[in-house]
Amino acid sequence: MNRTIRVRFAPSPTGYLHLGGARTAIFNWLFARHHRGSFILRIEDTDKSRSTEESIREITESLRWLGLDWDEGPYRQTDRMEIYRREAQRLLDEKKAYYCYCTPEELEERRKRALEEGRMPKYDGRCRDRTEPRKGVKPVIRLKVDQEGETVVQDVIKGEVVYPNAQLDDFILVRSDGTPTYNFAVVVDDTLMEISHVIRGDDHLNNTPKQIQLYRAFGYKPPVFAHVPMILGPDRARLSKRHGATSVLAYREEGYLPEALLNFLVRLGWSHGDQEIFSKEELIQYFSLEHVGKSPAVYNPEKLLWLNAHYISTGDTRRLSHLLVPFLIEGGLIPKGKIPDMDWLCRVVETLKERAKTLKEMAQMAAFYFKAPTEYDPKGTERFLTPEVLPYFQSLVCKLEAMGHFEEEEVKAAFEAVMRKHSIKLKHLAQPCRVALTGKTVSPGIFEVITVLGRRETIERLKRAINFIRARL
RNA sequence: GGUCCCAUCGUCUAGCCCGGUUAGGACACCGGCCUCUCACGUCGGCGACAGGGGUUCAAAUCCCCUUGGGACCGCCA
């Protein structure tokens, strides 16, 4: 009992880290942290033609961004070729595996015919008892798989899953170029790395009986398996590029917070009663495989957006301000090299954090703080920038000029004085001001806007609006 | 074609293991309140046990079938 918990995340570096992979990584990480075990990162790069360094960087950066730290690795299967060679040789020596000289073309031909005739496209085992090599053909190594009986997968999530062995074929362990295939490398590595629990997508469930046969051939004890249901797109098909932005880093670029994506992903398939919002500490404390559901989940972006809005509105203002800077630069609101006044930026963010659903959106909403409106919203112009507000604006300018402290309380007092003088309600002054100062009919509270803009800029913009109204007369 | 997995509101899900709930929560949507606009917040509404058989006094819950969805069957992982 009480074996040390060791889990791994083992992506193949053939592209970016997508949401499904990220969630698998999260489950593994949470499981490890919950049990104070180890989380190991292993790169499954045995397919040299499709693996890239760029992809490895992208994956590790995605994990780091999500806050998933690993205790060992990244190990690379391409660094372990000697191990696979040794293990394969052992199986060969023990007559549990054999060389197969069938060419890919022949195999493809047979598969096609089997499919056409409605038979199962499995390898027929014709090289099992071959003793002589075939000239000019580099062989692969295949496992002798039991054709009788059944193989049982004990799965923490799916329960007991039984496979007829007749369904299995003598799958390839080592390719003709000497590199190991997935099913072989995964068993060798999980064993040698002493992985206690294999938590992965349930697209691997059907591979598991093969792997169990391999464990048996080796005489190794299989780990505990937990096959997590897939994440589906809105069309209920497996989530893929077709469904739009699915790379983790794309969410960063769209202005999502890592804690929002983490919270969102973990709730896709896992639950803790009715709770929706989880801190990282709570997730570690509560996470268990027992509460991972069995059915696939459809990815719904609205909920992610809601979570993101939640984490923005409750997030630390200074941190948000720093995270916002790249978006401000991208929006052309601040120059690239220059560091903005962070204290002032914090005040900007303070007015926006309850309204913005993403950092990208926040940057857009912040535009007016950096640039005076070059044009006014047509609807707002028509409704609020009317000749009758001229005296209000003029009074307000006077009051603002005469004010001492330029803080919300004083601005409010100035507004009240103007309202009294002209016998108008706040909305008759606030809305025209909003349009004058921001160019729009929607903005943060008018007193916040004014104090953040500052006296000089506010008066400047009011005067400009006065001129604009006069010019239209 | 074969094997395997899955099935509660539009979506994420609680409840299922250990039958008895007005089937709960969240997102989205709709309406009220709050209010200087928007948003937040708050109150309310809409909305589900895929279908059919069993077992049982009683089934979302246990069993079977059907249907629907998904995965795998590669010298990809």
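Residue numbers begin at 1 in each chain, while the letters A, B, ... track the order of the sequences.
A:Glu259 and A:Lys280 are not joined by a salt bridge, as no carboxylate oxygen comes within less than 4.0 angstrom of a charged side-chain nitrogen.
Of the P atoms belonging to B:G45 and B:C27, the separation is 15 Å, rounded to the nearest Å. B:G19 and B:C57: their P atoms are spaced 15 Å apart (whole Å). Only the C1' atoms considered, B:G53 is 26 Å distant from B:C9, to the nearest whole Å. B:G47 and B:C40 are spaced 25 Å apart, taking the C1' atom of each and rounding to whole Å. When the C1' atom is used for both B:A14 and B:A71, the distance is 27 Å, rounded to whole Å. B:G31 and B:G15: their P atoms are spaced 34 Å apart (whole Å). Taking atom P in both B:A77 and B:A60, the straight-line distance is 47 Å, to the nearest Å. Comparing B:G24 with B:C6, their P atoms sit 27 Å apart, to the nearest whole Å.
Checked against salt bridge (charged side-chain N to carboxylate O under 4.0 Å, His left out), A:Lys210 has no partners two or more places apart in sequence or in another chain. Legend: residues meeting side-chain contact (heavy atoms from CB on, under 4.5 Å) with A:Val174, ordered by chain and number and at least two apart, are A:Ala88, A:Ile141, A:Phe184. Residues that satisfy the side chain to side chain donor-acceptor pair (under 3.5 Å) test with A:Asp45, not counting sequence neighbours, are A:Thr78. Listed by chain and residue number, A:Glu350, A:Lys353 satisfy the side chain to side chain donor-acceptor pair (under 3.5 Å) test with A:Thr317 (two or more places apart in sequence, or in another chain). When the side chain to side chain donor-acceptor pair (under 3.5 Å) test is applied to A:Tyr369, the partners found at least two apart in sequence or on another chain are A:Thr351. Partners of A:Ala217 under the side-chain contact (heavy atoms from CB on, under 4.5 Å) rule, at least two apart in sequence or in another chain, are A:Leu91, A:Lys96, A:Leu143. Under the salt bridge (charged side-chain N to carboxylate O under 4.0 Å, His left out) criterion, A:Arg355 pairs with A:Glu448, sequence neighbours left out. A:Glu150 pairs by the salt bridge (charged side-chain N to carboxylate O under 4.0 Å, His left out) definition with nothing, not counting sequence neighbours.
No side-chain N or O of A:Asn308 forms a donor-acceptor pair with one of A:Thr358 less than 3.5 Å apart. Between the side chains of A:Gln77 and A:Arg80, no donor-acceptor pair is found at a separation under 3.5 Å.
Applying the Watson-Crick and G-U wobble criteria (two distances, each under 3.5 Å), B:A23 pairs with nothing in any strand. Figure legend. B:C36 is base-paired to no nucleotide; pairs are counted as Watson-Crick or G-U wobble with both atom distances under 3.5 Å. Nucleotide B:G2 has B:C72 as its partner under the Watson-Crick or G-U criteria, with both atom distances under 3.5 Å. Judged by Watson-Crick or G-U wobble contacts below 3.5 Å, the nucleotide B:C9 has no partner. Across all strands shown, B:A48 forms no Watson-Crick or G-U wobble pair with both key distances under 3.5 Å.
Rounded to whole Å, atom C1' of B:C27 lies 16 Å from atom CG of A:Leu261. The interatomic distance linking A:Leu305 (CG) with B:A26 (P) rounds to 18 Å, in whole Å. Between the CG atom of A:Leu232 and the P atom of B:G10 there is a distance of 17 Å, rounded to whole Å. In this structure, NE2 of A:His310 is placed 19 Å from P of B:G25, rounded to the nearest angstrom. Atom CZ of A:Arg110 is separated from atom C1' of B:G1 by 20 Å (rounded to the nearest Å).
Note on A:Lys158: every side-chain N or O is 4.0 Å or more away from OP1 and OP2 of B:C5.
Using a 4.0 Å heavy-atom cutoff across all strands shown, A:Val162 reaches sugar-phosphate atoms only and no base atom.
Every pair passing ring-ring contact (aromatic ring centres under 6.0 Å, His included) that includes a residue from residues 433-455 of chain A is listed here, sequence neighbours excluded: A:Phe415-A:Phe447.
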For nucleotides 12-15 of chain B, give me every protein contact, N/O to N/O, under 3.5 Å, one pair per line with atom names.
unit_1, atom_1, unit_2, atom_2, d
B:C12, OP1, A:Val298, N, 2.7
B:C12, O2', A:Arg267, O, 3.0
B:C12, O2, A:Lys303, NZ, 3.2
B:U13, OP1, A:Gly269, N, 2.4
B:U13, O3', A:Ser271, OG, 3.3
B:A14, OP1, A:Ser271, OG, 2.9

Seminar exercise, completed: Protein-proximity profile, nucleotides 71-77 of chain B, B/S/- by nucleotide at the 4.0 Å heavy-atom cutoff, equals BBBSBBB
For this session: Could you run through nucleotides 36-50 of chain B and give me one letter per nucleotide, 5' to 3': B if any protein heavy atom sits under 4.0 Å from the base, S if only the sugar-phosphate is that close, - if neither?
Result: BBBBS----------
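Residues A:Tyr123 and A:Ile172 form no side-chain contact, since every pair of their non-hydrogen atoms from C-beta on lies 4.5 Å or further apart.
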